[in-house]
Amino acid sequence: MATSVDKEGLRDAYQDVRADTSDTNWALFRYKGAQIIHDCSGTRLDELKQMLADDERAFAFVRVSAGDEMSKRQKFVLLTWIGSAVGTLKRARVSIDKALVKGVIQNFAVELQLETPDELTDEFLRSHVDKVGGANYGTGTRN
């Protein structure tokens, strides 16, 4: 059975994470049967980390504060989660399904695939965003 996406649900969550007036920093998109839906959103990265299970696939859209003390900006990361206990066929299917998610989630600075929750830290995400983020004007300290 082909996977589908709840476009309206994903779009609403995506726009909430991107909104400057929202405290929401991430949105999690999970499989519900043959459909990818917006499952939940939150403000702290450790909340998202706790939601990721070894036996599932999921996608997340995350806001990251980037830059230095002279130039702060919000960047966005699209995460693909494939737990270590996910079988080969489901693993292979993720790249096809990710294209459906990217039909809704279109503006992000970095795209990453994670397989262990330990990788999901502010420092890890920020380091990847900083690599693609352009100029840093400050002295190297963050505030």
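Side chains included, hydrogens not; waters and symmetry mates left out as well; all remaining heavy atoms used.
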Hydrophobic cluster membership, with links at side-chain heavy-atom distances under 4.5 Å among I/L/V/M/F/W/Y: are Phe124 and Val129 in one? yes

Same apolar cluster (I L V M F W Y, side chains within < 4.5 Å links), Ile96/Trp81: no

Side-chain heavy atoms under 4.5 Å apart, restricted to Ile/Leu/Val/Met/Phe/Trp/Tyr: what other residues fall into the cluster of Tyr14, or is it alone? Val5, Leu10, Val17, Phe29, Tyr31, Ile36, Phe59, Phe61, Phe76, Leu78, Ile82, Val86, Val94, Leu100, Val101, Val104, Ile105, Phe108

Taking all heavy atoms of Leu112 and all of His128, pick out the closest pair and write down the distance. CD2-CD2, 3.5 Å

Close side-chain approach of Thr80 and Leu114, heavy atoms under 4.5 Å: no

Which atom pair, heavy atoms only, marks the closest approach of Asp39 to Arg30? OD2-NH1, 2.8 Å

Any idea which heavy atoms bring His38 and Ala13 closest together, and the distance? CD2-CB, 3.4 Å

Within 6.0 Å of CG in Asp23, more than 12 heavy atoms from elsewhere: no

Pair Ser65, Gln74: side-chain N/O donor-acceptor within cut-off below 3.5 Å: yes

Whether Asp130 and Arg126 form a salt bridge (side-chain N of Lys/Arg under 4.0 Å from carboxylate O of Asp/Glu) is what I want to check. no

Electrostatic pair Lys49-Glu119, nearest N-O below 4.0 angstrom: no

Checking the side chain of Arg91 only, and the main-chain atoms of Gly83 only, is there a donor and an acceptor separated by less than 3.5 Å? yes

Note: Asn25 and Thr43 closest approach over all heavy atoms is ND2-O, 2.7 Å

Do Ser22 side-chain atoms and Thr24 backbone N/O form a donor-acceptor pair below 3.5 Å? yes

Taking all non-hydrogen atoms of both residues into account, name the closest pair between Glu47 and Met51 and its distance. O-CG, 3.1 Å

Find the distance between OG1 (Thr116) and CG (Asp54) and round it off to the nearest 0.5 Å. 9.5 Å

Under a 4.0 Å threshold between the charged nitrogen and the carboxylate oxygen, would Glu111 count as salt-bridged to Lys98? yes

Test side-chain contact (heavy atoms from CB on, under 4.5 Å) applied to Glu8 - qualifying residues, sequence neighbours left out: Asp6, Asp12

Least distance between heavy atoms, Val132 atom then Ala109 atom: CG2-O, 3.7 Å

